Amino acid sequence: MASIKPSVPKGTRDFSPAEMAKRNFIFDTIKGVFRKYGYQQIETPAMEKLSTLTGKYGDEGDKLIFKILNNGDFLADGGINESNITADSKRLLPLIAEKALRYDLTVPFARYVVMHQNEIAFPFKRFQVQPVWRADRPQKGRYREFYQCDADVVGSDSLLNEAEFVMIYDEALSKLGLKDFTIKINNRKILSGIAQVIDKNDNIIDLTVAIDKLDKIGLDGVIKELLEKGFTTHDIEQLKPIILLEGTNDAKLASLRDALSESPTGLKGCDEVESVLNYIANCPLRTAKLELDITLARGLNYYTGAIFEVKTNEVAMGSIGGGGRYDDLTGMFGLKGLTGVGISFGADRIYDVMEELKLFPETAGETTRVLICCFDAEGEKYALPLLKRLRDNNISSELYPAGAKIKKQLDYANGKQIPYTIVIGSDEMRSGLLAFKDMNSGVQEKLSAEEIIKRLK
RNA sequence: GUGGAUGUAGCUCAGUUGGUUAGAGCACCAGAUUGUGGUUCUGGGGGUCGCCGGUUCGAGCCCGGUCUUCCACCCCA
């Protein structure tokens, strides 16, 4: 058989031991915070029914879902024949693919909640750390397979949840070593209010998508886009003072209340944001800047209340986290009136940021603490009980299989960054005093097994 | 989906207007050193120059296609 060049699919990666140590540092930190706030872990399958996923992420999102071709004779089983094979691929698709890789963790969670509603005690606080897949074109900070770390609450409309998510972001990212990041907060009701006061309720998507780009394409760019979408210069004149709000969060809120005085929905949104800010005021953040940003829209069309986005200010990178409240997500699966709010950490982007800022602790790569080196089968036999004692004392240790030169064994310890070695030869076996070597300083001493264990504990 | 770059040893990269047998550093293996690594010295293995095709007496170099990675747009974590 001709050998093929080994490679992985576009946008996917292998993770080697050094990378996994760093990735686990991120996952463990975030999971630890989730647990501390009372969230319980679940997992859902890598694949979902295609019908579960389609229509939840907008037309653009649907295109980015990885579909799984049906097994078996998918042409015959799907009833494909001369007449419908020529139909457009949108109609052909459900006939030949009934499964797809999950696109995010929120929709599968909504599906989970509806399926398990009778076993769940509400409010239900769950977290989930799993990969998701998107058929996007890869670029900086964008992969086709990446991990999300989600925490959501369903069955509670209290704004305390929103406030807690701000605290979770602050605590987890601070623990990871980020020094300067902003949690942006907005509220869908404020965006609705803005649309209402200019009488453009039907165009709220176009409106929010356009003003979301303010910091990227500037005011002129936004105006140009709005004009293309059918907004009048009169609408834009009304919008300008709203989207150009500046000052403290309180000042922005005061101006907004003024501008949205004709919109009860908009005022409700202002109240909600104010409540969250008040919770946080009582419980100061360690590192994060919390900023009301009314240009924050995010494409997901199911947010109904709070909207979150987290950005680092230390390196150029897209958002490293996002989330919001969705009042009717489970409604799509037939369970009405259940509200949910959640956030997500983008683990792979956080990794890239931390790598660039050199924030990973040195010890993240260290695994084995001590390597036992011996010369022959006799030494190996002598070393085995010691190895067990070390491990029983929770000291990760290895015994290099006998036969290799000591040079080779010490090279192995170096390559694996093992900080201590124990050399066992005939002298050592006779005296019971073992050659214990600190690989960093090069200092070697003769110590008993008890003393070595005491040193390593 | 649109546009622009990129690809030479395991890694980082040289490679002249197209011209003999494609190089360096690091890494790896062996020896100097039959009980001691990180330093040093000596030697060694490693390449279908991303892949396919074209132009040419001759292609790592020029042309077309394709794949990969990267960058921007769109969108997003």
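Treat the numbers as computed from the prediction; the structure is a model and nothing was measured. Letters go in sequence order (proteins before strands), and every chain restarts at 1.
As rounded to the nearest Å, rU56(B) and rG23(B) have C1' atoms that lie 26 Å from one another. Nucleotides rC26(B) and rC63(B) place their C1' atoms 36 Å apart, quoted to the nearest Å. Taking the P atom of each, rC74(B) and rC51(B) are spaced 36 Å apart, rounded to whole Å. Remark: the separation of the P atoms in rG25(B) and rC67(B) is 37 Å, to the nearest Å. Spacing between rA24(B) and rG38(B) at atom C1', rounded to whole Å, works out to 24 Å. Taking atom P on both rU8(B) and rU16(B), the two are 16 Å apart, rounded to the nearest angstrom. With both ends at atom C1', the span from rU48(B) to rA30(B) equals 28 Å, rounded to whole Å. Of the P atoms belonging to rU69(B) and rG7(B), the separation is 15 Å, rounded to the nearest Å.
Here rC11(B) presents its C1' atom at 16 Å from CG of Asp14(A), a figure rounded to the nearest Å. As a whole-Å value, the separation of Asp59(A) CG from rC76(B) C1' is 16 Å. Taking atom CG of Asp136(A) as the reference point, atom P of rC71(B) lies 13 Å away to the nearest angstrom. We find that CD of Glu309(A) is positioned 12 Å from C1' of rC75(B), with the value rounded to whole Å. Here the P atom of nucleotide rG37(B) and the CG atom of Asp438(A) are 16 Å apart, to the nearest Å. The nearest whole Å value for the distance from the CZ atom in Arg144(A) to the C1' atom in rC75(B) is 14 Å. Regarding Arg142(A), its CZ atom lies at a distance of 11 Å from the C1' atom of rA72(B), rounded to whole Å. In this entry the distance linking CG of Asp104(A) with P of rC75(B) reads 18 Å, nearest Å.
Using Watson-Crick or G-U wobble geometry with both donor-acceptor distances under 3.5 Å, rC62(B) finds its partner in rG54(B). Of all nucleotides present, only rC73(B) satisfies the Watson-Crick or G-U wobble test against rG1(B), with each distance under 3.5 Å. rC28(B) is paired with rG44(B) under the criterion used here, namely a Watson-Crick or G-U wobble arrangement in which both key atom distances are under 3.5 Å.
Map Ser319(A) and Glu60(A) each onto its nearest nucleotide of RNA chain B; the residue landing nearer the 5' end is Glu60(A). When the nearest nucleotides of RNA chain B are assigned to Asp348(A) and Gly442(A) by heavy-atom distance, the more 5′-ward of the two goes with Gly442(A).
For Arg137(A) and rC70(B), a side-chain-to-base donor-acceptor distance below 3.5 Å is absent, hydrogens and geometry of angles not being considered. No N or O donor and acceptor, one from the side chain of Arg134(A) and one from the base of rC76(B), sit under 3.5 Å apart. Between the side chain of Lys437(A) and the base of rG37(B), at least one donor-acceptor pair of N or O atoms lies under 3.5 Å.
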Could you run down the sub-3.5 Å N/O contacts of the protein with nucleotides 28-35 of chain B?
{"from": "rG31(B)", "atom 1": "OP1", "to": "Lys405(A)", "atom 2": "NZ", "distance (Å)": "3.1"}
{"from": "rG31(B)", "atom 1": "OP2", "to": "Lys405(A)", "atom 2": "NZ", "distance (Å)": "3.3"}
{"from": "rG35(B)", "atom 1": "O6", "to": "Ser426(A)", "atom 2": "N", "distance (Å)": "3.3"}
{"from": "rG35(B)", "atom 1": "O6", "to": "Asp427(A)", "atom 2": "N", "distance (Å)": "3.3"}
{"from": "rG35(B)", "atom 1": "O6", "to": "Glu428(A)", "atom 2": "OE1", "distance (Å)": "3.4"}
{"from": "rG35(B)", "atom 1": "N1", "to": "Glu428(A)", "atom 2": "OE1", "distance (Å)": "2.9"}
{"from": "rG35(B)", "atom 1": "N1", "to": "Glu428(A)", "atom 2": "OE2", "distance (Å)": "3.2"}
{"from": "rG35(B)", "atom 1": "N2", "to": "Glu428(A)", "atom 2": "OE2", "distance (Å)": "2.6"}

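Comparing rA77(B), rA72(B), rC75(B) by their nearest atom to the side chain of Lys140(A) picks out rA72(B). Of the candidate nucleotides rA77(B), rG37(B), rU2(B), rA77(B) has the atom nearest to the side chain of Gln148(A). Proximity note for Gln139(A) (side chain, C-beta onward) versus rC74(B), rG37(B), rA77(B): the nearest is rC74(B). Taking every side-chain heavy atom of Lys216(A) into account, rC74(B) is the closest of rC74(B), rU36(B), rA77(B). The Pro138(A) side chain lies nearest to rC70(B) when the options are rC76(B), rC70(B), rA72(B).
Between Tyr400(A) and Tyr412(A), the angle of the ring planes goes over 60°, which puts this pair in the perpendicular group of the 30/60° scheme. Between Phe308(A) and Phe165(A), the ring-plane angle classifies as perpendicular under the 30° and 60° cut-offs.
Annotation: salt bridge (charged side-chain N to carboxylate O under 4.0 Å, His left out) contacts of Arg389(A) (sequence neighbours excluded): Glu450(A). Taking the side chain to side chain donor-acceptor pair (under 3.5 Å) definition, one finds that Arg111(A) meets it with Glu48(A), sequence neighbours left out. Partners of Lys252(A) according to the salt bridge (charged side-chain N to carboxylate O under 4.0 Å, His left out) rule, which considers only residues two or more places apart in sequence or in another chain, are Glu291(A).
Residue Lys213(A) has a polar side-chain atom (N or O) positioned under 4.0 Å from OP1 or OP2 of rC75(B). Applying the 4.0 Å criterion to OP1 and OP2 of rU68(B), one finds that Lys10(A) has a side-chain N or O inside that range.
If you check every strand for non-hydrogen atoms under 4.0 Å, Tyr143(A) touches a base. Residue contacts for Gly61(A): at a heavy-atom cut-off of 4.0 Å it reaches no nucleic acid atom on any strand shown. As judged by a 4.0 angstrom heavy-atom cut-off over every strand, Gly379(A) is placed among residues making no nucleic acid contact.
With hydrogens and angles left out, the side-chain atoms of Ser158(A) and Asn161(A) include no donor and acceptor closer than 3.5 Å.
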Indicate every side-chain donor-acceptor pair of residues 433-443 of chain A with a distance under 3.5 Å to a residue at least two apart or in another chain.
{"from": "Asp438(A)", "atom 1": "OD1", "to": "Asn440(A)", "atom 2": "N", "distance (Å)": "2.8"}
{"from": "Asp438(A)", "atom 1": "OD1", "to": "Ser441(A)", "atom 2": "N", "distance (Å)": "3.2"}
{"from": "Ser441(A)", "atom 1": "OG", "to": "Val443(A)", "atom 2": "N", "distance (Å)": "3.2"}

Report all side-chain donor-acceptor pairs from residues 373-385 of chain A shorter than 3.5 Å, counting only partners two or more places apart or in another chain.
{"from": "Asp376(A)", "atom 1": "OD1", "to": "Glu378(A)", "atom 2": "N", "distance (Å)": "3.3"}
{"from": "Asp376(A)", "atom 1": "OD1", "to": "Gly379(A)", "atom 2": "N", "distance (Å)": "2.9"}
{"from": "Glu380(A)", "atom 1": "OE2", "to": "Ala402(A)", "atom 2": "N", "distance (Å)": "3.0"}

Using the ring-ring contact (aromatic ring centres under 6.0 Å, His included) rule, take Phe34(A) and Phe345(A) through it: C-alpha gap first, then chi angles, then the decisive distance, then the call. CA-CA 11 Å; Phe34(A) 285 164; Phe345(A) 288 85; 5.8 Å; yes
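Under a cutoff of 6.0 Å and an axis angle of 45°, Lys56(A) and Tyr103(A) do not form a cation-pi pair.
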